[in-house]
Amino acid sequence: MGRLFCFWAIQFAFFGCFLNFIINFFYKTIGAVKNELHEYMEHASQSKIMAMYTLLHEESNEQELLYDEATLSMLEKRFENMISGVNKTLTLEQTIDNIRQYRKQYGI
């Protein structure tokens with residue numbers, strides 16, 4: 001009887017941990033993950049903080065190199081069109097006014 005109980009207790013504990021992992025992995029919002037990371041950073045050792053910083057910093061450096069020549073030329077052309085007045089652009093004030101009108105219209 002004792003071994004059977006122990007077996008079921010282990011199974012139940014494993015299933016509970018697995019279920020908790022699935023829920024946390026698939027249903028946590030980005031905000032919740034950021035909060036957990038922030039809490040972890042508050043109590044982490046200096047070496048772990050530096051390791052995480054290095055990992056994130058290397059990833060951000062890799063993202064800077066993602067544009068190919070065709071994309072860069074398109075972005076440069078758009079910027080030139082904006083500066084020369086070919087494309088219509090909005091000022092910051094106009095953009096903020098548009099956002100306020102949109103929020104007012106939709107009750108946000």
Side-chain angles (χ1 to χ4, degrees):
M1 180 73 176
R3 284 186 172 180
L4 183 62
F5 176 74
C6 186
F7 172 76
W8 285 109
I10 291 171
Q11 293 294 324
F12 182 73
F14 173 75
F15 180 72
C17 290
F18 180 72
L19 186 61
N20 191 25
F21 169 77
I22 295 296
I23 290 169
N24 287 337
F25 186 77
F26 290 108
Y27 294 106
K28 274 193 178 175
T29 63
I30 296 299
V33 172
K34 285 182 179 181
N35 285 339
E36 271 189 43
L37 286 173
H38 180 73
E39 285 295 319
Y40 180 76
M41 296 287 289
E42 289 294 323
H43 304 290
S45 66
Q46 183 177 0
S47 60
K48 287 183 181 180
I49 292 172
M50 291 307 293
M52 288 190 294
Y53 172 78
T54 302
L55 177 72
L56 294 173
H57 184 69
E58 288 175 1
E59 184 177 318
S60 68
N61 286 341
E62 291 173 6
Q63 290 177 353
E64 293 174 7
L65 306 174
L66 293 179
Y67 296 118
D68 59 355
E69 289 300 318
T71 304
L72 287 175
S73 64
M74 178 201 57
L75 292 172
E76 289 172 358
K77 183 177 179 182
R78 287 182 179 184
F79 180 73
E80 290 170 5
N81 287 342
M82 181 188 73
I83 296 297
S84 65
V86 173
N87 291 349
K88 182 183 179 236
T89 58
L90 300 174
T91 65
L92 178 60
E93 292 80 18
Q94 290 170 324
T95 304
I96 292 172
D97 287 341
N98 287 347
I99 292 170
R100 285 183 180 144
Q101 290 174 3
Y102 180 84
R103 286 182 170 179
K104 185 178 181 180
Q105 180 181 358
Y106 292 101
I108 298 174

Q. Can you name the nearest heavy-atom pair linking Q94 to T89, along with the distance?
A. OE1-O, 4.3 Å
Atom pair [atom1] ([X]) and [atom2] ([Y]), whose distance is rounded to the nearest 0.5 Å:
| X | Y | atom1 | atom2 | result |
| --- | --- | --- | --- | --- |
| K88 | N81 | NZ | CG | 15.5 Å |
| E69 | M74 | CD | CE | 12.5 Å |
| L92 | D97 | CG | CG | 9.5 Å |
| N87 | F79 | CG | CZ | 12.0 Å |

(Q) Would you say that more than 12 heavy atoms from the other residues, nucleotides or ligands in this model lie under 6.0 Å from the CE of M52, or not? (A) yes
Q. What do the steps show when you test T95 against N98 for side-chain hydrogen bond (donor to acceptor under 3.5 Å, both in side chains), and what is the final call?
A. CA-CA 5 Å; T95 304; N98 287 347; 5.7 Å; no
**Q.** Path from I49 to Y40 over hydrophobic side-chain contacts below 4.5 Å
**A.** yes
Q. Which is it for N35 and E39 under the side-chain contact (heavy atoms from CB on, under 4.5 Å) test, yes or no, and what are the steps along the way?
A. CA-CA 6 Å; N35 285 339; E39 285 295 319; 5.8 Å; no
Q: Apply the test side-chain contact (heavy atoms from CB on, under 4.5 Å) to residues R100 and K104: give CA-CA distance (whole Å), side-chain angles for both, the deciding distance (0.1 Å), then the verdict.
A: CA-CA 6 Å; R100 285 183 180 144; K104 185 178 181 180; over 6 Å; no
